[in-house]
Amino acid sequence: MRIGILGSGQMADALGTQWRRAGHEVRTGGRSGGLREAAEFGTDAVLLALPYAAVAEVVGGLGEALRARALIDCTNPVGAGFRLLTAGGPAGAERIAAAAPDAHVVKAFNLCHVDVWRLTPPVFDGRPLAVPLCGDDPAALDVVRQLVRDLGCEPLNAGGLDRAGLVEATAALLIGLWVGEGADAQAIAPPLAHAAGY
Ligand SMILES: NC(=O)c1ccc[n+]([C@@H]2O[C@H](COP(=O)([O-])OP(=O)(O)OC[C@H]3O[C@@H](n4cnc5c(N)ncnc54)[C@H](OP(=O)(O)O)[C@@H]3O)[C@@H](O)[C@H]2O)c1
């Protein structure tokens, strides 16, 4: 695949390195230049590896360059005190979709720290990391499922883009538990056999 990455920070490096290793062509653009070139290059997928506060404006400015792209949103609209910055309004991913109406936004890769995305592979106690995806376009979801598998992870269908706010809120909850409380947040969910009662 041809993948464009907007942003040249930690998430850009972690996921870009994984996808290059899997054989994809990856072009990265940063604030100092190359954002449009990366978007145009990424005919299969474009990763938004930018701060939430900047992403809608950057995406809006790219217009046609994002047409028909699977636009992967890993941003976390989480502020001080692990507060969800979008509370009471559309999800971050929905705001991005409004700013890039010709692209196909898929929420993914936002739930784990960048160091997890660097693991080869992210497998814990023999279980591959599961990555929830939210999106409305079947072809774009297929692309992102493959990019998840390329890391050694398992994609999970988490519903349409109207469910992305739940994944973003989950990130706020988990980060608060991990960082704020030092808690083993993975332990909040029971195994599947017990999840829906006996
Ligand atoms: N780090 C994590 O563990 C993690 C995990 C999951 C999701 N995320 C999400 O992933 C996204 C990227 O995080 P990151 O850790 O990769 O951040 P980062 O290392 O700080 O990189 C952010 C990138 O965005 C660029 N940027 C900042 N403001 C910009 C603007 N106004 N216009 C254009 N580019 C701008 C930065 O450019 P400069 O270098 O010039 O400032 C940098 O290239 C965030 O939304 C974050 O919530 C992060």
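Whatever order the structure lists ligands and atoms in, that order sets their numbers, starting from 1.
Counting only residues at least two apart or on different chains, the salt bridge (Lys or Arg N to Asp or Glu O under 4.0 Å) pairs with a member in residues 96-110 are Arg67-Asp102, Asp73-Lys107, Lys107-Glu168. Within the structure, salt bridge (Lys or Arg N to Asp or Glu O under 4.0 Å) pairs that include any residue of residues 10-34 comprise Asp13-Arg118 (at least two apart or interchain).
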Could you go through ligand 1 and list every pair where one of its N or O atoms sits under 3.5 Å from a protein N or O, giving the atom names and the distance to one decimal?
{"residue": "ligand 1", "atom": "3 (O)", "partner": "Val114", "partner atom": "N", "Å": "2.7"}
{"residue": "ligand 1", "atom": "16 (O)", "partner": "Gln10", "partner atom": "N", "Å": "3.2"}
{"residue": "ligand 1", "atom": "16 (O)", "partner": "Met11", "partner atom": "N", "Å": "2.8"}
{"residue": "ligand 1", "atom": "19 (O)", "partner": "Gln10", "partner atom": "N", "Å": "2.9"}
{"residue": "ligand 1", "atom": "28 (N)", "partner": "Arg31", "partner atom": "NH1", "Å": "3.4"}
{"residue": "ligand 1", "atom": "40 (O)", "partner": "Arg31", "partner atom": "NE", "Å": "3.3"}
{"residue": "ligand 1", "atom": "41 (O)", "partner": "Arg31", "partner atom": "NH2", "Å": "2.7"}
{"residue": "ligand 1", "atom": "43 (O)", "partner": "Ser8", "partner atom": "N", "Å": "2.7"}
{"residue": "ligand 1", "atom": "43 (O)", "partner": "Ser8", "partner atom": "OG", "Å": "3.2"}
{"residue": "ligand 1", "atom": "43 (O)", "partner": "Gly9", "partner atom": "N", "Å": "3.4"}
{"residue": "ligand 1", "atom": "45 (O)", "partner": "Leu50", "partner atom": "O", "Å": "2.6"}
{"residue": "ligand 1", "atom": "47 (O)", "partner": "Asn76", "partner atom": "N", "Å": "3.2"}

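Contacts of Asp162 classified as side-chain hydrogen bond (donor to acceptor under 3.5 Å, both in side chains), with partners at least two apart in sequence or in another chain: none.
Closest non-hydrogen pair, Met11 versus Phe109, comes out as CE-O, 3.5 Å. When all heavy atoms of Pro132 and Val167 are compared, the pair lying nearest together is CG-CG1, 4.4 Å.
Put simply, the side chain of Glu57 never gets that close to the backbone of Ala54: no donor and acceptor are under 3.5 Å apart.
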